[in-house]
Amino acid sequence: VSIIVQKFGGTSVSSASNIKHIVSRVLNEKNKGNQVVVVVSAMGDTTDILTNLAVEVSSNPEKREMDMLLSTGEQVTIALLTLALQEMGADAISLTGGQAGIHTDSVYGNASITSINPERITKELNAGKILVVAGFQGITEKGDISTLGRGGSDTTAAALAARLEAERCDIFTDVDGVYTSDPRLIKNASKISSLTYDDMLDLATRGAGVLHPRAVKHAKIFGIPLVVRSSFSKENGTLITVPTKHSDRENVIGIVFQRGQIALYINGLTSVDRTTLLETLGKRHISNDLYEEEKEEAFIIYKKDYSGVQEVLSEKGKFEGIHYYKKSNLAKLSVIGRNLKTYPVNRKLVSMVLEREGIPFNFIKDSHKSVSVLLKEEDMIRSTELLHIEFSLDADAVRTIKQGVAIH
Ligand code: ASP
Ligand code: MG
C-alpha cells in the first residue's frame, strides 16, 4: 500500500462546515486503498488571535510559553477533524506533534525538525486508521512543545511524507497552485503547472507564501512529489518534483515579495564582528540579507526579528562601540529564475523599469537565480505589477508559461 500525506491549511479548516467539507477529500484517498496521514493547521486566524492575546498580558512574552500557547490552535483542528471523520464512520485518530514522534531542536518559535520516530504512526496506520496530525509543532529533547515558525504545517507534512516514504504529499490551500506572483494581489498572475524543487525553493525563500521553504527541502531530499492544490476545487494544481530534463536556457519564473522588512545600518562593525553577528543570527534562525552599495551596507531583517537582533547586538562584551539605526516599512521584491547571471540584462531591466516610474530602490546581492531589490512597502505591489508585465509573465502575454517556461 501507498502512503499519502494530505495537508490542509488554515483557510481550509476555518469553520466547522469547512472541516466537514474536507472529510470527503480524506475519505477519497483512503477508499482508493491508501494509508492516509492528514496534517492540519490551526483554524483560520487562530494563530494570530492567540499571538495578540499573549501581547495583551505580556510585554515580552517568553518564547517557550508562546509555543505552549500557539500549539493549541492545531490541537483544536485535529480533534475536530477526527470527530468529523468518525462521524462518517471512518476509523481515525488524532496525534499531537510529539505523539507523532516529531522531535525538534529547542529554538522556540522557529524550531527545526531534528528527527521523526515513526513508531506510533506506523502502528496506527497498520491498524487501518486515518491519522490526523497537528502541524507546526514538535517536541524538544526536554519534552517541551516547540513550534516550527509561521507556515510550519507545510514542513510537518513534507517531513512526515519524507520519513514515511510517502507516494505523494498534497498541500491543500486557498489558491489552486503556485503562480508567477501572488494571485490574490497580482491580477494577471498565471498558474505554473510544474516546477522543480530548486525553483520552488527559490520562490518560497524569497516570499512565495504558498509553501514553507523548509517543506520543499524535506521533500527534495527524499524526492517526494509535492502537489499544491485548492481545497475548494478539483483543479489539478502545481506539481513540484525533480527536473525532467536539464536546460541551461534562461527562464524567469516569477516575481515574489516580502513585506515587513527593516534595513539595519551598523557603524563600527569590524569584519570579525560581522562574522560573529552572522553566525549568531544563523543560530537563532534569524534570516537576513545584505545590501551593499558604494560605502553603505545594511542588514535586511524581518521586523518581527528586530528585538532578537537588538538582543544579540547588546550582548555584553561582544559588539562594543558599534552604533546602529534602522529604516522601516520596507519590502523585498525578487525576480526569480534560472541562469539569470548569464544575462545581466535582467538587472538592467529591473532598474530601468523602476527608474522610469520614479520608484526608489536598492539592489540586494543577487545570483543566477534571483534579482532582488529593497524598496518601500508602499511601492511593492505596483513594482511587482510593472515587472510582471515587463518580464512577460502575465497570463495573456505568454502562452508557454503553462509549461513553466517563460521568455527572453
Ligand atoms: N498555524 C500556523 C500559522 O498560522 C502554522 C501554519 O498554518 O502552517 O503560521
Ligand atoms: Mg501556509
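These numbers were taken from a predicted model, which means no experiment stands behind them. Counting starts at 1 for both ligands and their atoms, in listed order. Along the sequence shown, residues carry numbers from 1.
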Residue pair T140 / S106, side-chain donor-acceptor N/O under 3.5 Å |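 No, no side-chain donor-acceptor contact under 3.5 Å.
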With sequence neighbours excluded, what pairs up with E297 under the salt bridge (Lys or Arg N to Asp or Glu O under 4.0 Å) test?
->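 Checked E297 against salt bridge (Lys or Arg N to Asp or Glu O under 4.0 Å); matches are R274.
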Flag R150 as yes when one of its N or O atoms lies below 3.5 Å from any N or O atom of ligand 1, and as no otherwise.
-> yes
Just distances here: any N/O of K7 and N/O of ligand 1 closer than 3.5 Å?
->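 By distance alone, the answer is no.
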Spell out, as yes or no, whether a donor-acceptor pair under 3.5 Å connects the side chain of D176 to the backbone of E235.
-> no
Can you give each donor-acceptor pair under 3.5 Å made by side-chain atoms of residues 8-15, sequence neighbours left out, with the distance rounded to 0.1 Å?
unit_1: S12; atom_1: OG; unit_2: S231; atom_2: OG; d: 2.6
unit_1: S14; atom_1: OG; unit_2: T11; atom_2: O; d: 3.1
unit_1: S14; atom_1: OG; unit_2: N18; atom_2: ND2; d: 2.9
unit_1: S15; atom_1: OG; unit_2: S17; atom_2: OG; d: 3.3
unit_1: S15; atom_1: OG; unit_2: N18; atom_2: N; d: 3.1

Is the Y306 ring parallel, tilted or perpendicular to the Y324 ring (thresholds 30°, 60°)?
->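 The rings of Y306 and Y324 stand perpendicular, inter-plane angle above 60°.
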Would you call [X] a ligand 1 contact, heavy-atom distance under 4.0 Å?
| X | value |
| --- | --- |
| G152 | yes |
| G151 | yes |
| E74 | yes |

Answer yes or no for R25 and F172: cation-pi contact, defined as NZ/CZ to six-membered ring centre under 6.0 Å and angle to ring axis within 45°.
-> no
State the atoms of ligand 1, each with its element, that fall below the 4.0 Å cut-off from a heavy-atom position in S41.
-> 6 (C), 7 (O), 8 (O)
Which is closest to atom 6 (C) of ligand 1 by heavy-atom distance: A157, S153, A42?
->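 Looking at heavy atoms only, the winner is S153.
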